[in-house]
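Report on the following structure.
Here is how names work: the chains are called A, B, and so on, in the same order as the sequence lines, proteins then strands, and each is numbered from 1.
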There are 2 protein chains.
Amino acid sequence: MLNNSHYIDKLRSSGLRPTKQRIKICEILFNTEKTFHFTINDLVKKISKATNDKISLATVYNTVHAFKKKGYLKEIPINSDQSYFDTNTSHHHHFYDENQKDLMDIDDADVEPVKINTRIPGKKIKSVEVLVKVEDA
Amino acid sequence: MLNNSHYIDKLRSSGLRPTKQRIKICEILFNTEKTFHFTINDLVKKISKATNDKISLATVYNTVHAFKKKGYLKEIPINSDQSYFDTNTSHHHHFYDENQKDLMDIDDADVEPVKINTRIPGKKIKSVEVLVKVEDA
DNA sequence: ATTCTACATTATAATAGTTCTAAACTGTTG
DNA sequence: CAACAGTTTAGAACTATTATAATGTAGAAT
């Protein structure tokens with residue numbers, strides 16, 4: 001509950017009303033040194049640890065989608081039974097450990113830029129995402 | 001309904017009993033020149049077009065998972081409300097058109113090999129998959 | 001400050017994809 | 001052919017997510 005004015009400004013400037021639920025979720029998602037990955041379920045757990053006032057599940061979904069739309073979160077393409085989100089919105093790719101079901105960033109310096117030498121007429125590239133699946137050696 | 005003995009052998013040799021349901025699904029998935037992408041729902045529709053004896057939804061799921069496990073199908077990592085499968089099990093990447101919700105192969109010759117210059121200790125790379133999201137230009 | 005209004009939150013219901021269950025069925029082996 | 005393990009099946013159950021509609025609230029206008 002340090003300095004929320006930053007989040008309030010951020011929310012307001014992107015056209016989102018700074019409600020106490022959104023501010024709390026900002027604190028949980030963005031008050032850390034390190035970025036991290038989470039599912040909605042993870043986030044709900046973090047929220048209930050962090051506060052006594054519970055936030056409705058619908059609001060959690062709404063907020064995560066709103067933040068994704070505003071570019072504060074990225075969704076990671078992975079086939080899983082649930083969606084994964086990333087607080088690291090800079091360009092980078094992922095390792096996915098199928099044994100531990102663990103998702104890790106790959107430092108962008110460790111991936112050669114992916115060149116796609118073909119295009120689809122009338123379409124432009126929106127993103128290029130690499131998922132490296134790993135397993136026990 | 002051409003020559004099923006091929007599928008029967010294939011199934012038997014991978015430890016799957018060649019039931020009429022599995023053979024029918026093999027015909028639908030593998031009797032084509034071109035490989036293709038499908039969801040479970042797509043497959044169910046194809047089946048009901050192709051045969052009068054309906055196959056239970058549970059069997060479709062079971063069979064697709066069995067075929068995936070045996071390496072006859074690949075699942076494509078994409079966040080969608082449903083799972084996408086690919087009868088093309090060779091190495092290649094995908095375009096995903098978010099407007100049309102259309103998934104397309106990228107010819108492997110059109111993608112520079114993706115170099116990952118880092119490793120996770122104790123893990124080996126199982127696959128490297130590139131998903132190129134496109135949108136209306 | 002009070003009122004107004006559009007935006008947010010909420011509990012709950014609804015939906016959709018997928019998995020589970022347990023009974024009936026069938027391919028294979030002896 | 002008998003026996004058994006693997007398979008299919010319908011339907012129930014489960015899970016993640018979205019929709020609904022009533023209530024609440026932030027910010028602007030008065």
Side-chain angles (χ1 to χ4, degrees), chain A residues 4-5 7-26 28 37-48 51-70 72-73 75-85 101 103, chain B residues 4-5 7-26 28 37-48 51-70 72-73 75-85 101 103:
Chain A
N4 291 332
S5 61
Y7 297 129
I8 293 175
D9 292 347
K10 180 175 177 169
L11 288 166
R12 205 168 303 177
S13 70
S14 47
L16 298 171
R17 285 189 186 168
T19 64
K20 67 179 194 304
Q21 292 86 346
R22 284 172 176 167
I23 294 167
K24 173 58 69 181
I25 291 174
C26 277
I28 291 168
H37 308 119
F38 66 94
T39 63
I40 295 290
N41 189 39
D42 294 336
L43 181 53
V44 167
K45 280 189 210 153
K46 278 173 187 283
I47 292 168
S48 63
T51 182
N52 294 316
D53 325 311
K54 80 179 279 296
I55 299 179
S56 155
L57 181 61
T59 300
V60 178
Y61 274 98
N62 288 342
T63 303
V64 166
H65 288 147
F67 286 6
K68 180 191 166 189
K69 199 167 191 175
K70 295 299 179 182
Y72 303 147
L73 291 174
E75 191 171 358
I76 302 170
I78 191 173
N79 17 32
S80 168
D81 46 347
Q82 49 197 324
S83 292
Y84 277 80
F85 295 90
K101 295 199 176 279
L103 194 58
Chain B
N4 291 334
S5 61
Y7 298 130
I8 293 175
D9 292 346
K10 180 175 176 171
L11 288 167
R12 205 167 307 181
S13 70
S14 48
L16 297 171
R17 283 190 186 168
T19 63
K20 68 179 196 302
Q21 291 87 346
R22 285 173 176 166
I23 294 167
K24 174 56 71 182
I25 291 174
C26 277
I28 292 168
H37 307 121
F38 66 94
T39 63
I40 296 291
N41 189 39
D42 294 335
L43 181 53
V44 166
K45 281 189 211 152
K46 278 172 187 282
I47 292 168
S48 65
T51 180
N52 293 317
D53 325 312
K54 80 179 280 294
I55 298 179
S56 153
L57 182 60
T59 299
V60 179
Y61 273 99
N62 289 341
T63 302
V64 167
H65 288 147
F67 286 5
K68 181 192 167 190
K69 198 167 190 175
K70 296 298 177 185
Y72 303 148
L73 291 174
E75 191 171 358
I76 302 169
I78 192 175
N79 17 31
S80 167
D81 46 347
Q82 49 197 323
S83 293
Y84 277 80
F85 296 90
K101 296 198 175 279
L103 194 57

- Protein heavy-atom contacts under 4.0 Å, written 5' to 3' over nucleotides 17-30 of chain C as B (base), S (sugar-phosphate only) or - (none), form the string SBBB-----BBS--

- Set of residues satisfying side chain to side chain donor-acceptor pair (under 3.5 Å) with respect to A:S14, sequence neighbours excluded: A:Y72

- Message: Which residues pass the side chain to side chain donor-acceptor pair (under 3.5 Å) test with B:T39, not counting sequence neighbours?
- Response: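 With sequence neighbours excluded, B:T39 shows a side chain to side chain donor-acceptor pair (under 3.5 Å) to B:D42, given in chain and number order.
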
- Task: Would you name the heavy atoms of B:I23 and B:P18 that are closest together and state the gap between them?
- Result: CD1-O, 3.7 Å

- Message: Distance check needed: C:dT9 P versus A:K54 NZ, whole Å only.
- Response: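 Taking atom P of C:dT9 as the reference, NZ of A:K54 is at 13 Å.
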
- Query: Which residues satisfy the side chain to side chain contact (heavy atoms under 4.5 Å, CB included) test with B:T19, sequence neighbours excluded?
  - Reply: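 Only B:R17, B:Q21, B:R22 meet the side chain to side chain contact (heavy atoms under 4.5 Å, CB included) criterion with B:T19.
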
- After noting the C-alpha distance and the side-chain angles of A:L73 and A:F38, does the key distance pass the side-chain contact (heavy atoms from CB on, under 4.5 Å) rule? CA-CA 10 Å; A:L73 291 174; A:F38 66 94; 3.9 Å; yes

- Item | From CA spacing to verdict: side-chain contact (heavy atoms from CB on, under 4.5 Å), B:I28, B:T51 | CA-CA 10 Å; B:I28 292 168; B:T51 180; 5.9 Å; no

- Is the backbone of A:F85 close enough, under 3.5 Å, to the side chain of A:H37 for a donor and an acceptor to pair up by distance?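 Such a contact is absent between A:H37 side chain and A:F85 backbone.
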
- Think A:T59 has a side-chain N or O under 4.0 angstrom from the OP1 or OP2 of C:dT10? yes

- Who pairs with A:K68 by salt bridge (Lys or Arg N to Asp or Glu O under 4.0 Å), at least two apart in sequence or on another chain?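 With neighbours one apart ignored, the set is A:E75.
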
- Using the heavy-atom set of chain B and a strict 4.0 Å cut-off, write down the first and last nucleotide of DNA chain D that makes it in, 5' to 3'.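 It runs D:dA5 to D:dA10.
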
